[in-house]
Amino acid sequence: MTRTLKGLRWALFGGYVLVGALALMAATPMGLSALGLGGANVSFLPATLLGLPWSLPLFILNDGAVAKLAALGICYGLNVGVGLMLARGGD
């Protein structure tokens, strides 16, 4: 049972990392073209939602696209660190 839960934790963590990387790619025109989508469909919302709770101030503040993308990268990195600690919790 514990091996199943350990595998599930790592699968969920890997899924979060993959979805977060895709969300950050969706926040840039070059990332969207790499995904095969049009460059005019840039959206910060998926990356903002995956960066919660650290990205809550970004719903209020508007410092520009470059600052928002940098802040979202930092928020995502913080959540990956927390997720890694949670995934390794049982080791």
Side-chain angles (χ1 to χ4, degrees):
M1 180 72 175
T2 59
R3 279 190 282 173
T4 304
L5 292 177
K6 185 187 295 187
L8 181 63
R9 282 190 308 220
W10 283 107
L12 288 173
F13 175 69
Y16 177 77
V17 169
L18 180 66
V19 169
L22 292 174
L24 284 176
M25 287 178 72
T28 62
M30 188 176 286
L32 281 172
S33 64
L35 292 173
L37 302 171
N41 298 330
V42 173
S43 175
F44 291 108
L45 186 62
T48 305
L49 292 177
L50 287 172
L52 288 173
W54 317 110
S55 64
L56 279 175
L58 297 177
F59 284 110
I60 301 168
L61 302 174
N62 188 11
D63 288 336
V66 175
K68 191 169 197 170
L69 183 62
L72 287 173
I74 292 169
C75 295
Y76 174 67
L78 288 170
N79 279 346
V80 167
V82 170
L84 183 62
M85 286 188 337
L86 291 173
R88 292 188 62 187
D91 293 345

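Quick note: residue numbers are just sequence positions, from 1. These values consider heavy atoms only, across backbone and side chains, with no hydrogens, waters or symmetry-generated copies.
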Novice: Would you compute the distance between atom CE of Met85 and atom CZ of Phe13 and round it to the nearest 0.5 angstrom?
Specialist: 11.0 Å
Novice: Cluster question for you: counting only ILVMFWY and a side-chain heavy-atom cut-off of under 4.5 Å, with indirect links fine, are Leu24 and Leu35 together?
Specialist: no
Novice: Any idea which heavy atoms bring Ala34 and Met25 closest together, and the distance?
Specialist: CB-CE, 3.9 Å
Novice: Taking atom CG of Leu12 and atom CG of Leu8, what is their separation to the nearest 0.5 Å?
Specialist: 4.5 Å
Novice: How is the hydrophobic cluster of Met30 composed, in terms of its other members, when Ile, Leu, Val, Met, Phe, Trp and Tyr link through side-chain heavy atoms under 4.5 Å apart, directly or indirectly?
Specialist: none
Novice: Looking at every heavy atom in both Cys75 and Gly51, which two are closest together, and how far apart are they?
Specialist: CB-O, 3.8 Å
Novice: Using 0.5 Å steps for rounding, measure from the OG atom of Ser55 to the CG atom of Leu49.
Specialist: 7.0 Å
Novice: Is there any side chain to side chain donor-acceptor pair (under 3.5 Å) pair reaching into residues 11-33, and which pairs are they, with sequence neighbours excluded?
Specialist: Tyr16-Asn79
Novice: Is Thr48 close to Tyr76 at the side-chain level, that is, under 4.5 Å between some pair of heavy atoms?
Specialist: no
Novice: Measuring from atom CG of Leu45 to atom CG of Leu58, what distance do you get when rounded to the nearest 0.5 angstrom?
Specialist: 11.5 Å
Novice: Taking Val19 as the starting point, is it possible to reach Leu69 by hopping between hydrophobic residues whose side chains are less than 4.5 Å apart?
Specialist: yes
Novice: Not counting sequence neighbours, list each pair that qualifies as a ring-ring contact (aromatic ring centres under 6.0 Å, His included) and has a residue in residues 21-69.
Specialist: none
Novice: Between Leu72 and Val17, is there shared hydrophobic-cluster membership here, with clusters defined by ILVMFWY side-chain heavy atoms closer than 4.5 Å?
Specialist: yes
